[in-house]
Visitor: 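Please find one structure pasted underneath; my questions will follow.
Numbers here simply count residues along the sequence, with the first being 1.
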Amino acid sequence: MTLESVSKEVYGDNYDSVLLEQWKTCVEMANSNTEKRTNSNNIFITINAALLAVVSFSLDYKSIILSVVGIAVCIVWLYSIENYKKLSSVKYHIVNEIEDRLPLAPFSYEWEKLNNEKKYIGLTRIEKVLPWLFAFLYVISILWPILKWIVAIVCTCKGG
């Protein structure tokens, strides 16, 4: 499948203006996807912050169950980040293909500059830090009550 469905010759005189409008629409759609991604991340942050707040109050068997749920939420969050990345990549690939037909190609140029930048870290890599951090805290929330129970059993056995 190709991006162009009708050639410039067949389409007619207003091909260039329509092409520019379609490029603008594609850029808006890509930006909209970025906004949705940010909103999605904010929802996952809120869910995890609430779960961790509840978990931190008890640190008992209930906290283990909630921590397992929290880890599941983090896994879904990681998949969400990856899917938004794929969707954004496709959208910007289309924007770049349209730019090949325009006089300037700012998005392609920007990515070329970023890819040549040694200190640039992709946003997806940065985004994934938070779900992993929350998952780590959930693992601690699981291990803490278990360690408390083990210590209590060992102390009971030594004392009796």
Side-chain angles (χ1 to χ4, degrees), residues 1-57 62-144:
M1 177 170 223
T2 63
L3 181 62
E4 188 172 69
S5 60
V6 179
S7 70
K8 185 174 185 173
E9 294 78 29
V10 172
Y11 195 82
D13 293 338
N14 61 347
Y15 179 89
D16 291 332
S17 62
V18 171
L19 177 69
L20 182 59
E21 288 304 313
Q22 287 183 328
W23 178 81
K24 288 178 185 178
T25 301
C26 288
V27 170
E28 287 175 18
M29 288 170 39
N31 287 336
S32 173
N33 186 60
T34 301
E35 289 176 26
K36 289 176 189 174
R37 182 176 178 166
T38 301
N39 291 338
S40 174
N41 284 335
N42 288 338
I43 290 168
F44 280 112
I45 290 168
T46 302
I47 291 168
N48 279 290
L51 275 172
L52 267 178
V54 172
V55 164
S56 67
F57 280 115
K62 290 179 245 169
S63 69
I64 292 173
I65 294 168
L66 288 175
S67 294
V68 169
V69 170
I71 290 170
V73 169
C74 288
I75 291 168
V76 171
W77 187 4
L78 287 165
Y79 278 113
S80 173
I81 290 170
E82 198 57 39
N83 283 324
Y84 273 114
K85 176 190 174 196
K86 289 176 185 173
L87 186 58
S88 288
S89 294
V90 169
K91 287 184 180 298
Y92 281 110
H93 180 78
I94 292 168
V95 166
N96 292 340
E97 277 192 50
I98 295 172
E99 279 187 350
D100 289 342
R101 294 168 173 85
L102 296 173
L104 295 176
F107 282 99
S108 301
Y109 187 70
E110 178 182 35
W111 278 109
E112 181 182 319
K113 291 286 190 189
L114 279 174
N115 287 331
N116 291 332
E117 183 70 33
K118 292 180 179 135
K119 294 180 182 179
Y120 176 72
I121 300 171
L123 292 176
T124 300
R125 286 178 62 193
I126 295 169
E127 256 179 319
K128 288 183 177 181
V129 169
L130 270 179
W132 283 109
L133 179 61
F134 276 114
F136 175 74
L137 293 173
Y138 288 127
V139 168
I140 291 172
S141 299
I142 291 170
L143 294 177
W144 186 260

Visitor: Indicate yes or no: at least one non-hydrogen side-chain atom of Leu123 is less than 4.5 angstrom from one of Lys85.
Guide: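 Not in contact.
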Visitor: With rounding to the nearest 0.5 angstrom, report the OG1 to NZ distance, Thr34 to Lys36.
Guide: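 So the OG1 of Thr34 and the NZ of Lys36 are separated by 10.5 Å.
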Visitor: With rounding to the nearest 0.5 Å, note down the distance linking SG in Cys74 to CZ in Phe136.
Guide: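 Between Cys74 SG and Phe136 CZ, I get 13.0 Å after rounding to 0.5 Å.
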Visitor: Side chains of Leu51 and Phe134: does their closest heavy-atom pair fall under 4.5 Å?
Guide: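 Leu51 does not reach Phe134 side chain to side chain.
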Visitor: Which atom names give the shortest non-hydrogen contact between Glu99 and Pro106, and what distance separates them?
Guide: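 Closest heavy-atom pair between Glu99 and Pro106: OE2-CD, 3.2 Å.
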Visitor: With side chains defined as the heavy atoms from C-beta onward, is the minimum distance between Val76 and Phe44 less than 4.5 Å?
Guide: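 Counting from C-beta outward, Val76 and Phe44 do come under 4.5 Å.
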Visitor: What is the distance from atom OG of Ser63 to atom CD1 of Ile140, rounded to the nearest 0.5 Å?
Guide: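 Taking OG in Ser63 and CD1 in Ile140, the distance rounds to 12.5 Å.
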Visitor: Within a radius of less than 6.0 Å around CG of Asn39, do more than 12 heavy atoms belonging to other residues, nucleotides or ligands occur?
Guide: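 Yes, CG of Asn39 has more than 12 neighbouring heavy atoms, counting only those of other groups under 6.0 Å.
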Visitor: Report, as yes or no, whether the 6.0 Å neighbourhood of atom OH on Tyr120 holds more than 12 heavy atoms from other residues, nucleotides or ligands.
Guide: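 More than 12 heavy atoms, drawn from other residues, nucleotides or ligands, come within 6.0 Å of this atom.
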Visitor: Stepwise, does the side-chain contact (heavy atoms from CB on, under 4.5 Å) test hold for Asp100 with Asn96?
Guide: CA-CA 6 Å; Asp100 289 342; Asn96 292 340; 5.7 Å; no
Visitor: Has the side chain of Asn115 got a donor or acceptor atom that lies under 3.5 Å from a matching backbone atom of Trp111?
Guide: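 Yes, the answer is positive, given that a donor and an acceptor are paired below the 3.5 Å cut-off.
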Visitor: Atom CG of Leu87 and atom CG of Asn33: how far apart are they, to the nearest 0.5 Å?
Guide: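 Nearest 0.5 Å value for the CG-CG distance: 4.0 Å.
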Visitor: Is the shortest heavy-atom distance from the side chain of Asn41 to the side chain of Tyr84 under 4.5 Å?
Guide: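 Counting from C-beta outward, Asn41 and Tyr84 never come under 4.5 Å.
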Visitor: If you define the side chain from C-beta out and look only at heavy atoms, does anything of Ile142 sit under 4.5 Å from Ile71?
Guide: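 Heavy-atom side-chain distance check passes, below 4.5 Å.
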Visitor: Which residues pass the salt bridge (Lys or Arg N to Asp or Glu O under 4.0 Å) test with Glu82, not counting sequence neighbours?
Guide: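 Glu82 satisfies salt bridge (Lys or Arg N to Asp or Glu O under 4.0 Å) with Lys128 once adjacent residues are dropped.
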Visitor: List the atom of Ser7, the atom of Tyr15, and the distance in Å for their closest heavy-atom pair.
Guide: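 Smallest heavy-atom distance, with atoms named: C-CE1, 4.1 Å.
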Visitor: Working to the nearest 0.5 Å, report the span between CG of Leu78 and CD of Glu127.
Guide: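 Taking CG in Leu78 and CD in Glu127, the distance rounds to 10.0 Å.
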Visitor: Under the 3.5 angstrom rule, does the side chain of Tyr138 hit a backbone N or O of Ala72 as a donor-acceptor pair?
Guide: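 Checked: no pair found.
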Visitor: Look at Arg101 together with Glu4 and state whether they make a salt bridge at an N to O cut-off of under 4.0 Å.
Guide: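 Salt bridge present between Arg101 and Glu4.
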Visitor: Hey, can you pull the donor-acceptor pairs under 3.5 Å for the side chains in residues 20-28, sequence neighbours left out?
Guide:
| residue | atom | partner | partner atom | Å |
| --- | --- | --- | --- | --- |
| Glu21 | OE2 | Lys24 | NZ | 3.3 |
| Thr25 | OG1 | Glu21 | O | 3.0 |

Visitor: What do you reckon, is NZ of Lys91 surrounded by more than 12 foreign heavy atoms closer than 6.0 Å?
Guide: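 Check passes, neighbour count above 12.
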Visitor: For the CZ atom of Phe107 and the CD1 atom of Ile98, what is their distance to the nearest 0.5 Å?
Guide: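 Nearest 0.5 Å value for the CZ-CD1 distance: 11.0 Å.
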Visitor: Answer yes or no: is there a side-chain heavy-atom contact under 4.5 Å between Leu66 and Ser141?
Guide: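 Result no, sub-4.5 Å side-chain heavy-atom pair not found.
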Visitor: Could you point out which residue of Ser80, Ser88, Ser32 forms a side chain to side chain contact (heavy atoms under 4.5 Å, CB included) with Arg37?
Guide: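 Checked Ser80, Ser88, Ser32 against Arg37; only one passes side chain to side chain contact (heavy atoms under 4.5 Å, CB included): Ser88.
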